[in-house]
Protein chains: 2
Amino acid sequence: MDYETEAIRPRQVSTRSLDAFDRKILGVLVKDARLPYAEIGNLVGLSPPAVHDRVKKLREAGIIRGVHASVDGPAVGKPLLAYVHVDAEGWGKSQRMMRLQAFPEVEEMHSVAGDTCVVLKVRTADTHALEHLLLQIYILPGVKGTKSYIVLSTYLERPVQAEVTGTWPSVPMPDD
Amino acid sequence: MDYETEAIRPRQVSTRSLDAFDRKILGVLVKDARLPYAEIGNLVGLSPPAVHDRVKKLREAGIIRGVHASVDGPAVGKPLLAYVHVDAEGWGKSQRMMRLQAFPEVEEMHSVAGDTCVVLKVRTADTHALEHLLLQIYILPGVKGTKSYIVLSTYLERPVQAEVTGTWPSVPMPDD
DNA sequence: GGAAAGCACAGACTTTTGTTCTGCCAATAG
DNA sequence: CTATTGGCAGAACAAAAGTCTGTGCTTTCC
């Protein structure tokens, strides 16, 4: 199996500027990608072929990366969610760290700016499995330590939303 | 709009124990939920109606939560990904914090065990928008402070995987 | 300002897929 | 040993996806 050793980058910036219809379609598909084109058309105000055309172009432009089923973590035997901050000396992005992607428990891997190097999102069967995964991290060269944040309750977990907040609510400045 | 004020919980533990076919089907649907049932059937070794039946049951059992399009963050105008740790006095879960879910920039919200109370995953247009969002967090009652981890590069970002690591690689114990 | 070209949409059609039904087989319980 | 339940394959039907053509619009060039 091949591992992604390069960061996920925007494939092509795609001069295509999203208009209001595209935004609406994306908003619908993010919520439920199984709706028929006819129903999407009703929601956004277009005919089914028009929706089809736009979705096809959105896919070709890489704006829609794919369609995935969202499965319940506990139901598939992974009730324990955690974020693991990895501190490494030198530079965190070693090739060997990419091999962690082979574990289905690892869902995200980012290099970050802050008081740590890499943030991992991991979902394991139990604390024992998490320990095993931490062991796999510790044997990587350059890893100085990890800090784990065990999720107690998840209040929100959703995919990338198509909408963007245009005007933020004004906040009264503190009186100092 | 209503906000989820309760944590996402497993709807029903569903006595349904996943067999090998279910695991395979889930694995396929997580990768690409647009494959026809006939093709899934070829991959896992079942007929299209059998796959249909199982997927239907997996949906009814809540094991498949839904099907969502995955859109590219930068392409929809949100190239800046960050994790925000929120420190609050008392108890972080105030009703008003749930209102942050109204912002499409907020993708995840967890209460965690560790040296912080709440972890947010936010995706914004730029640092300016992130600052606006942080302002919205700071005006919440009880919020003492935040710590932001700006994502520099994303090496892996994928939905919940259906697979579970059965036997972990053995790691030689350090010689102390 | 006018004409031509490109784009996007709606309607009708074809093809593919989803969905349902029926019968059969195996496993289990009585 | 028999009856019953659950699940799967094959066939038939319904529905959606995908394609094609024409039309109206905007844009752009002359």
Side-chain angles (χ1 to χ4, degrees), chain A residues 10-72 75-77 159 162-164, chain B residues 10-72 75-77 159 162-164:
Chain A
R11 315 187 196 182
Q12 58 230 35
V13 186
S14 95
T15 63
R16 178 179 185 81
S17 60
L18 305 174
D19 65 359
F21 283 130
D22 290 328
R23 293 271 178 194
K24 285 184 184 176
I25 292 173
L26 286 175
V28 171
L29 289 181
V30 166
K31 291 201 202 80
D32 185 1
R34 287 182 63 83
L35 287 178
Y37 288 148
E39 197 157 343
I40 301 173
N42 285 334
L43 291 173
V44 306
L46 284 176
S47 70
V51 177
H52 180 268
D53 259 17
R54 284 175 177 266
V55 171
K56 184 180 176 187
K57 287 171 183 168
L58 289 170
R59 266 185 295 187
E60 291 170 351
I63 296 170
I64 296 179
R65 303 179 89 104
V67 174
H68 309 280
S70 164
V71 306
D72 185 73
V76 295
E163 294 83 11
V164 178
Chain B
R11 314 186 196 184
Q12 58 229 36
V13 184
S14 95
T15 64
R16 177 179 187 80
S17 61
L18 304 174
D19 65 358
F21 283 131
D22 290 327
R23 293 271 177 193
K24 285 184 185 175
I25 292 174
L26 286 176
V28 171
L29 289 181
V30 166
K31 291 200 202 78
D32 186 1
R34 288 181 61 83
L35 287 177
Y37 287 147
E39 197 157 343
I40 301 173
N42 285 335
L43 291 173
V44 305
L46 284 176
S47 70
V51 176
H52 181 268
D53 260 16
R54 284 174 176 266
V55 170
K56 185 182 176 187
K57 287 171 183 169
L58 289 170
R59 266 186 296 187
E60 290 170 351
I63 296 170
I64 296 178
R65 302 180 89 103
V67 174
H68 310 280
S70 164
V71 306
D72 185 73
V76 295
E163 294 84 10
V164 179

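Residue numbering restarts at 1 for every chain, and letters A, B, ... go by the order of the sequence lines.
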Next on the checklist: One character per nucleotide, please: for nucleotides 14-27 of chain C, 5' to 3', B when the base has a protein heavy atom closer than 4.0 Å, S when only the sugar-phosphate does, - otherwise.
Outcome noted: ---SSSB-------

Checklist entry - To the nearest Å, how far apart are A/Arg54 CZ and C/dA10 C1'? => result 14 Å

Checklist entry - Is the shortest heavy-atom distance from the side chain of B/Arg23 to the side chain of A/Val76 under 4.5 Å? => result yes

Checklist entry - Is there a side-chain contact between A/Leu58 and B/Val71, using heavy atoms and a 4.5 Å cut-off? => result no

Checklist entry - Any salt bridge between A/Asp19 and A/Arg54, counting N to O under 4.0 Å? => result yes

Checklist entry - Between atom CZ of B/Arg34 and atom CZ of A/Arg59, what is the distance when rounded to the nearest 0.5 Å? => result 4.0 Å

Checklist entry - Does A/Lys57 put a side-chain nitrogen or oxygen below 4.0 Å from OP1 or OP2 of C/dC7? => result no

Checklist entry - When A/Leu35 is tested against each of A/Asn42, A/Leu43, A/Leu29 for side-chain contact (heavy atoms from CB on, under 4.5 Å), which residue passes? => result A/Leu43

